[in-house]
Amino acid sequence: MKQSERSAVSWLAAFAGEKKNLYVASVVVAILGVVCSIVPYVIIGDMVAKLVNGVRDWQFYLKDAMIMAAFWIGRVTLHGISTSCSHKATFHVLAVIRKQLCDKLAKVPLGRVKDTPSGSLKNIMVERVDSIETTLAHVLPEFTGNLLAPLAVFVYLLIIDWRMGLISLITLVVGMLAFMGEMIGYEESYQNTVNKTKILNDTAVEYINGIEVIKAFGKAQKSYEKFEVAAKEGADCYVEWMRRCNVFFCISMVLAPCTALAVVPMGGIFFMNGSLAFADLVMCLILSLGLVSPIITVMSYMDDLARVGTIVGEVAGILSWEELERPVQDKQKTEDYSITLSDVTFAYHDQEVLHGVSMQMKEGTVNALVGPSGSGKSTIAKLIASLWDVNGGSIKIGGVDIRDLSLEEYNRKVAYVSQDNYLFDDTIRENIRMGNLSATDAEVEEAAKKCGCHEFIMGLAMGYDTVAGGAGGHLSGGERQRISIARAMLKDAPIVILDEATAYTDPENETIIQTSVAKLVQGKTLLVIAHRLSTIADADNIFVIRDGRVVEKGTHAQLLERGSLYPKMWQSHISVKNAETLPQEREGVEYV
């Protein structure tokens, strides 16, 4: 069965795994609790019959009362055990869902994740998954109990007098008809609330994440208006839905529980004509009072069940995303750490951005990608880093197609530092240590020193134990970048990709980082993307990219001699450098 065709129940059963037995136990115990809740009604009926017949033995009634109390205590105890089992199973399900979602996002192409608003992913993984806890934990035991209890009572009513049993359902039928009125357009209305809530969540995340830009450019009013509109629409869709259902809801809630409206007059008629004993009439009245309330409770679960179905569908949608095509284990051993791109094509949203890119990078060499903005340099780097899969052609490491290498093993071979450096809301020490989880504190600090981080880290309030903040928000862009480079260097991977890794550093620190990188990448295959051409003038190979194609390649000297685009870029770069008057200005630093 295809994943997209699986039902919500099938998904939940898979998430529950070995904990399904807890759900089974919860249902069994709930049924026993139902039995315990019915017995007191029978005892009450017996007591009423004895009173009508003139029995005045208080010890008999005391004994019956104690038996009733015992069954009620049993019912409460069994309910507690039942919900305890269902809660344990439910928390396991929620944990499995979140773990699988996190694992999935690590395996799908980066483009698919980037295309999905972060607010939507966060909303599904946190709030929406959490919102199904109450339903999953209570629906099985309480749904079972509230469904079986009235069914058993109804059967007992039929045994006493089948006419009274049917009469007790009259108001329930009227209430159900009103409930059906509530369900008119239910699917459309419910989906509308889901969509409007998603929009509100995405707008809120966008507003909060962009608050710095909003303030800097004085766009607070315009941005807030967008959020205000989303919030109003998010509220209005619920208000309009509730307003439309209000009349039907009131009718169903008022009439459905009022079984006495039909039982008392009809029972009185049967008693007057002698076809129903008074004791049976009282018993039918007592039982009918407890017949509908549990059914209404069951009906109240319908919204919750629909919500669970929708949320499980959203989770299943993410889990059904196509993953990067990678084997569990390497199909071949790489001969070395050279990189070969052969006729590589790649498209964003069906728009091709790389057109037959081919290049060779030998092991242990320094290779640079240069070219105008938007030419495809970063896309090539991300394809080599295995963040996406090529649409055509191949990328090989050591003569082996990267699609034949396991993702876990491949990630150990490549250290990738992008322009958009991300730090976790953890200490600086642990953010660096993510490059090598087995690294000691001394090794972490040594990597920081080599990347020019140590001095500014020691100047922080808690030194290496300072928390970087969400996305590294407590640090400057240059500081985040240096820590990211230290993290990559600590990984000690044989292939290093630096995508404009010094973009946010000042000239003094850039010199430190360039010198550190030169030492740390010796013997490694290095790929550098740079806009400052002086920093890659000594590279072994320079590939000039324009409009998704390799238009020139060679060393710095070769490209200046016989290139067309590169000399213009170099002249432009030199002109800018000559125009600068900063005392920190310096010549390019060699990587090797």
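The first residue in the sequence is number 1, and the count goes up from there. Atom set for the values below is all heavy atoms of this structure, side chains included, hydrogens, waters and symmetry mates excluded.
The two residues A106 and L407 make their nearest non-hydrogen contact at O-CD2, 3.9 Å. Here the closest non-hydrogen pair linking R403 and G393 is NH2-O, 3.0 Å. Across every non-hydrogen atom of I529 and A381, the tightest pair is CD1-CB, 3.6 Å. Looking at every heavy atom in both residues, W388 comes nearest to K382 through CZ3-CD, 3.4 Å. For the pair C453 and I483, the tightest heavy-atom approach, listed with the atom from each and the gap, is SG-N, 3.8 Å. R549 approaches V357 most closely through the heavy-atom pair CA-CG2, 4.4 Å.
The shortest distance between side-chain heavy atoms of W321 and K107 does not fall below 4.5 Å. Between V129 and V315, the closest side-chain pair of non-hydrogen atoms falls below 4.5 Å. No side-chain heavy atom of L354 sits less than 4.5 Å from a side-chain heavy atom of T345.
One N or O on the side chain of N431 and one on the backbone of T427 form a donor-acceptor pair closer than 3.5 Å. Looking at K449, its side chain never comes within 3.5 Å of a backbone N or O of E455 through a donor-acceptor pair. Proximity of a side-chain donor or acceptor of N541 to a complementary backbone N or O of N367 within less than 3.5 Å is not detected. Between the side chain of K413 and the backbone N or O of I397, no donor-acceptor pair lies under 3.5 Å.
A salt bridge is defined here as a Lys NZ or Arg NE, NH1 or NH2 lying under 4.0 Å from an Asp or Glu carboxylate O, and D336 with K362 fails to meet this definition. Ion pair R562/E552 not flagged as a salt bridge, since none of the NZ, NE, NH1 or NH2 atoms sits closer than 4.0 Å to an Asp/Glu carboxylate oxygen.
Within 6.0 Å of atom CG in D343, more than 12 heavy atoms from other residues, nucleotides or ligands are found, so the atom counts as buried in its surroundings. For R546, the CZ atom sits in a loose shell: 12 or fewer heavy atoms of surrounding residues, nucleotides or ligands are nearer than 6.0 Å. Heavy-atom neighbours of E133 CD from other residues, nucleotides or ligands within 6.0 Å: above the threshold of 12.
The side-chain hydrogen bond (donor to acceptor under 3.5 Å, both in side chains) test applied to R412 returns E408, E409, not counting sequence neighbours. Under the side-chain hydrogen bond (donor to acceptor under 3.5 Å, both in side chains) criterion, R326 pairs with S386, D389, not counting sequence neighbours.
For the 3.5 Å distance criterion, the side chains of T340 and Q360 qualify, holding a donor opposite an acceptor.
Taking the six-membered ring where tryptophan is involved, the planes of H454 and Y464 are tilted, since the angle between them lies from 30° to 60°. W570 and Y566 have parallel rings, their planes meeting at less than 30° on a 0 to 90° scale where 60° marks the start of perpendicular.
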